[in-house]
Amino acid sequence: MKGKLIGISGYIVKARLPEAGIYDRVLVGERELTGEIIKISGEDVIIQVYEDTRGLGTGEKVESLKKPLTSFLGPGLMGNIFDGLQRPLEKIVEEEGSFFAGKAVHHFDQLKQKFIFTPFKNVGDNISCGEVLGYFSDKGFKHYVFADTAEGKVKEITEGEFLPESPVIKLEDGTDIYSYSQQPVRIPLVSGDKQILKEPIITGQRVIDFFFPLMKGGVSIIPGGFGTGKTVLEQSIAKYADVDIVLYVGCGERGNEIAEMIEEFTTIKDEREDRLLRDRTVFVVNTSNMPVAARESSIYMAVCAGEYYRRMGYHVLLLADSISRWAEALKEISSSLEEMPGEEGYPTYMSSRIASYVERAGAVKTAVEEKTGSLSMVLSVSPPGADFAEPVTQTLLQNSGVFLMLDRELAYARHYPAINWTQSYSNYREDLEDYYRQNVAEDWQNLRRECLQILKQEQELMEIRQIVGDEGMKEEDKEIIQLADKIKTEFLMQDAFSEDAYSTLQETYEKIKGILGER
């Protein structure tokens, strides 16, 4: 289905394209830039283009592919670096340099790489929809192959080496089943009944694990102003969290920060396995100098990959840095469409978009040996002027279970992580009580409450101290202030670049037990 461009306004273009569908993927112009139809009015359509539109002219061709923006789920994801359209950046840079546009949807050199397939079925066996057919190995992980929509009797089957471009199973009715699938990014990949998985994500950050625990399958947000350490904290969580696979989305962040993180992951070894951290990480990056519209597609590409791995029974952690810049892209696109603005200029549908996105997190019971897989989210927020009352932060607060507020005063005082222990909270504490009682210590929660009470008392006493001075303070009050100071400096502070960057639950318990035992 072909048409032509009739108007251009930044990343929003107008085309005459009859019989097009909403959210169809389109190729725009002679360079075949990737776009997506977001509005239809008769034969005219509005398209958001995910690439640089400079040089584009009216009258150029527009072609609809009659299918939505999809994610390629299969060999070659792990350890790779993609942009928001899932193009492997390293491969394209090798061929064309750092500036490119209009490449094909999938450009994986891994499609020419051979993998080993181990089938669970034999010739003549019947298969049904959703059944697990076998697995192939990639980066030390078993990648399971499912019969998504196919069913029937097996005619041919591949065992041993195969190329992803070739089918691994052929059915008697002529249906081919491949090791990969293509999933529309805006539609959740349903993979089983949702479960409540009462297990924490152990991050190694004492202030999080002890005070504000994250839960597998849960959603957490990290709001903070510029310079409060959001990126460093997310990178520490990515390095040390006890999950199988990490998905890192750089959504409008500065290129040098993302480059440093990728370089670090390429050199650091995974402490639990004999491999690099990068080998169990998928990077989806859209830096601040990339087209604004592509920020929206990047977070959907990442969550689609997360659902893919969760379906196999793995625990997946998605880290996005930052959702605020994604919301800014929504605002800019909405403004170009001349839509009625909502609060602070954001589109009125922003809250529903965020809610529908975060609800894709969770734990599910899978068809793989009845294992439970989980997809957890840690989303950083960059509120303008550190104003936590702004719409993006407030919307995420309503849809998340953990709020880790980064305090500018703590950050400027060189206190890392700069998580404010009086304003932050976790709604998962009660759900995780049994886990801590059974796996760490009976008095874990009692110590936690006692510790928070001391810090609260210290805050009140410091206000009195400013009025009456040290001479007017009682001795027991001075002891509380000293103890609280010790908790802050010896327990809550952790250097992200030292041996103290990671603390096990048992080490965390023994450390706070020792500090509180000195009373």
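All values reported here derive from a predicted model rather than from experimental measurement.
Applying the side-chain hydrogen bond (donor to acceptor under 3.5 Å, both in side chains) rule to S380 yields the partners D321; only residues at least two apart in sequence or on another chain are considered. Residues satisfying the side-chain hydrogen bond (donor to acceptor under 3.5 Å, both in side chains) criterion with D148, sequence neighbours excluded, are R311. Residues satisfying the side-chain hydrogen bond (donor to acceptor under 3.5 Å, both in side chains) criterion with K239, sequence neighbours excluded, are E264. The ring pair (Phe, Tyr, Trp, His ring centres under 6.0 Å) search around F265 returns F283, not counting sequence neighbours. Scanning for side chain to side chain contact (heavy atoms under 4.5 Å, CB included) contacts around R325 gives E253, R295, S322, S382, with sequence neighbours left out. For T203, the side-chain hydrogen bond (donor to acceptor under 3.5 Å, both in side chains) test picks out D209, with sequence neighbours left out. With sequence neighbours excluded, no residue satisfies ring pair (Phe, Tyr, Trp, His ring centres under 6.0 Å) with F146. Residues that satisfy the side chain to side chain contact (heavy atoms under 4.5 Å, CB included) test with T175, not counting sequence neighbours, are A150, L171, D173.
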Practice task
Could you check T70 against Q86 for side-chain contact (heavy atoms from CB on, under 4.5 Å), going step by step and ending with a plain yes or no?
Solution key: CA-CA 9 Å; T70 57; Q86 209 185 26; over 6 Å; no
Dump the intermediate steps for side-chain contact (heavy atoms from CB on, under 4.5 Å) on L69 and L85, then the final yes or no. CA-CA 8 Å; L69 190 67; L85 300 177; 4.3 Å; yes
Would V26 and I37 count as a side-chain contact (heavy atoms from CB on, under 4.5 Å) here? Give the steps. CA-CA 7 Å; V26 293; I37 295 174; 3.8 Å; yes
Next item on the list: Tell me, with the steps shown, if L375 and E307 meet side-chain contact (heavy atoms from CB on, under 4.5 Å).
Entry: CA-CA 7 Å; L375 172 59; E307 292 170 329; 4.1 Å; yes
- For the pair E63 and R25, evaluate salt bridge (charged side-chain N to carboxylate O under 4.0 Å, His left out) and give the outcome as yes or no after the intermediate values. CA-CA 9 Å; E63 182 179 359; R25 179 190 172 97; over 6 Å; no
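More than 12 heavy-atom neighbours from other residues, nucleotides or ligands sit within 6.0 angstrom of NZ on K194. The number of heavy atoms from other shown groups lying within 6.0 Å of NZ (K67) does not exceed 12. Taking a 6.0 Å sphere around CZ of F226, one finds it holds 12 or fewer heavy atoms contributed by other residues, nucleotides or ligands. Counting non-hydrogen atoms of other residues, nucleotides and ligands closer than 6.0 Å to CD of E263 gives a total of 12 or fewer. Heavy atoms from other residues, nucleotides or ligands lying under 6.0 Å from NZ of K121 number more than 12. In K371, the NZ atom is crowded: over 12 heavy atoms of neighbouring residues, nucleotides or ligands sit closer than 6.0 Å.
Between L318 and the choices I299, I245, V303, the side-chain contact (heavy atoms from CB on, under 4.5 Å) rule is met once, by V303.
For residues 365-407, the ring-ring contact (aromatic ring centres under 6.0 Å, His included) pairs, not counting sequence neighbours, are F403-Y425. Among pairs with a residue in residues 335-377, those fulfilling ring-ring contact (aromatic ring centres under 6.0 Å, His included) read Y300-Y357, at least two apart in sequence or across chains. Every pair passing ring-ring contact (aromatic ring centres under 6.0 Å, His included) that includes a residue from residues 306-342 is listed here, sequence neighbours excluded: F141-Y314, H143-Y309. Screening residues 174-193 for salt bridge (Lys or Arg N to Asp or Glu O under 4.0 Å) gives E36-R186, K170-D176, R186-E296 as the qualifying pairs, with residues at least two apart or on separate chains.
A salt bridge is absent between E60 and K4; no separation between the charged side-chain nitrogens and carboxylate oxygens falls under 4.0 Å.
A donor atom on one side chain and an acceptor atom on the other are not found under 3.5 Å apart for R310 and S374. Remark: the E339 side chain and the S334 side chain contain an N/O donor-acceptor pair separated by less than 3.5 Å. Neither side chain, T231 nor E234, offers a donor N or O lying under 3.5 Å from an acceptor on the other.
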